[in-house]
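Input: a single structure, listed below in structure tokens.
Small disclaimer: the values here were computed from a predicted structure and weren't measured. Just so we're on the same page: letters track the sequence lines, and every chain starts at 1.
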Amino acid sequence: MRDAGDTLISVKLMQWYDRHARTLPWRVPPGSTQAPDPYRIWLAEVMLQQTTVAAVQAYFQRFTTRWPTVQALAAAHDEDVMAEWAGLGYYARARNLLKCARAVAEMGGFPRTRTDLQSLPGIGPYTSAAIAAIAFEQPETVLDGNVERVMARLFDEHTPLPQAKPILTAYAARLTPQHRPGDHAQAVMDLGATICTPRNPACGICPVMADCAARRAGTAPSLPRKTRKPAKPVRLGIAYLGRRADGAWLMERRPPHGLLGGMLGWPGSDWTTLPPEDVPPLGAEWRALPGEVRHTFTHFHLRLSVQVAHLPISAQGMFVPADAFDPAALPTVMRKAYALGAAHFNISEVS
DNA sequence: AAGTCGTGGCC
DNA sequence: TGGCCAAGACT
């Protein structure tokens with residue numbers, strides 16, 4: 001249970017947060033009487049899943065400008081949301097974002113409890129706790145990568161992740177206060193992001209340095225321990241960039257589940273360990289370009305060779321007109337393939 | 001319940 | 001350069 005030592009740590013963290021909280025577009029300054037907007041908290045938390053604050057900023061700005069409310073987002077077209085998400089990665093988040101927005105709009109607003117929040121698409125254990133605490137002032141305990149690291153160090157916990165998760169959750173719960181739980185959660189995450197960092201933690205300026213068991217033991221930089229991940233295999237593939245005489249591009253909408261699900265892309269082979277079969281989407285004079293696209297996904301490296309063809313105006317298929325084509329709406333690997341292929345079509349690449 | 005699922009920055 | 005890392009969720 002929470003004891004006097006836990007209370008002291010959480011008080012120190014709150015005092016530090018009151019002075020050093022980062023100003024972020026989705027955040028209400030500590031001590032403000034203004035209530036945070038659940039829509040903006042939810043949107044930011046989903047974007048921040050496994051994604052850095054720096055990468056999220058511009059996307060958050062564009063989404064909230066284009067869709068200022070959850071009702072507006074719920075009314076958006078799927079393709080527009082996917083295109084706006086392009087480049088941010090983990091595209092299941094965008095699909096679930098839209099499902100969630102429509103469910104919330106139907107319900108007339110966001111539910112306020114962690115349990116109800118977690119029943120919505122794309123809202124799991126972390127995000128449900130974060131929204132409940134930050135948007136609705138409920139004393140829920142958030143556990144993200146930052147909190148895991150801070151707890152492992154404060155309590156010098158050497159059990160490796162993910163096995164240590166329940167232990168670290170219990171530590172984090174001990175520190176969670178009944179008052180200002182949202183600011184407490186953000187304080188621990190800010191501490192992890194700016195001081196208690198994975199490498200070279202700035203223990204000398206840490207507000208809870210005196211309370212940190214790993215600091216005393218000298219183990220802070222090596223915590224939390226993690227089990228090794230297997231090496232990424234290499235896969236090979238072919239992408240076909242076909243351009244019609246009127247400038248339209250032959251493209252495809254990828255199936256709604258799996259890798260890059262729901263995103264726009266180039267027709268291509270499967271991505272396989274052995275060299276893929278060369279089966280172009282249309283009969284034409286396909287030419288293999290020199291060079292290749294290299295791209296690394298979560299669990300494999302991809303080497304993509306690119307073929308190009310000029311297609312007749314009579315060619316049948318899904319063509320994206322020249323004036324509707326925007327490389328920014330493509331996932332990064334497809335944008336790389338375009339960058340390699342564009343020169344062949346005498347298109348100056350502004351990348 | 002491990003495997004799947006992106007991307008960019010860092011050293 | 002290549003592995004690690006980032007406010008994880010889903011199956």
Practice problem: Among A:F63, A:F110, A:F60, A:F136, find the one that has a ring pair (Phe, Tyr, Trp, His ring centres under 6.0 Å) with A:W42. | Solution: A:F110
Quiz prompt | Nearest-nucleotide 5' precedence on DNA chain B, A:T296 against A:N200 | solution = A:T296
Exercise. Find the distance A:F300:CZ to C:dG2:P and express it as a whole number of Å.
Key: 17 Å
Quiz item: Are A:C203 and A:R215 close enough, and set up right, to give a side-chain contact (heavy atoms from CB on, under 4.5 Å), and what steps lead you there?
Solution: CA-CA 7 Å; A:C203 298; A:R215 163 74 168 171; 3.5 Å; yes
Quiz item: Base, backbone or nothing for each nucleotide of nucleotides 3-11 of chain C, written B, S, -, heavy atoms under 4.0 angstrom, 5' to 3'?
Solution: -SSBBBSS-
Quiz prompt | Rounded distance in Å between the P positions of C:dC4 and B:dG3 | solution = 16 Å
Practice problem: Using a cut-off of strictly less than 4.0 Å, decide whether A:H295 has a side-chain nitrogen or oxygen near OP1 or OP2 of B:dG6. | Solution: no
Quiz item: Should the pair A:W286 and A:Y240 be assigned to parallel (<30°), tilted (30 to 60°) or perpendicular (>60°) ring geometry?
Solution: perpendicular
Quiz item: Parallel, tilted or perpendicular: which describes the rings of A:W249 and A:W266, with under 30° parallel and over 60° perpendicular?
Solution: perpendicular
Practice problem: Let me know the distance between CG of A:L302 and P of B:dT7, rounded to the nearest Å. | Solution: 11 Å
Quiz item: Does A:D270 come within less than 4.0 Å of A:R235, counting only side-chain N to carboxylate O?
Solution: no
Quiz item: So what does A:L88 touch, heavy atoms closer than 4.0 Å: a base, only the sugar-phosphate, or nothing?
Solution: base
Practice problem: Using the P atom on both, measure C:dA7 against B:dC5 and round to a whole Å. | Solution: 23 Å
Exercise. Using the ring of A:Y59 (Phe, Tyr or Trp, six-membered ring only), decide whether A:R62 places NZ or CZ under 6.0 Å from its centre and within 45 degrees of its axis.
Key: yes
Self-check item: Touch class at under 4.0 angstrom, heavy-atom based, for A:G87 against every strand present
Solution: sugar-phosphate
Exercise. Rounded off to whole Å, could you give me the CZ-to-P distance for the A:F297 and B:dG6 pair?
Key: 7 Å
Quiz item: Tell me: OH of A:Y59 to P of B:dT7, nearest whole Å?
Solution: 9 Å
Quiz item: For A:L260 and B:dT4, what is the distance between atoms CG and P respectively, to the nearest whole Å?
Solution: 15 Å
Self-check item: Under-4.0 Å salt bridge between A:E285 and A:R287
Solution: no
Exercise. May I have the distance from A:M47 (atom CE) to B:dG6 (atom C1'), rounded to whole angstrom?
Key: 15 Å
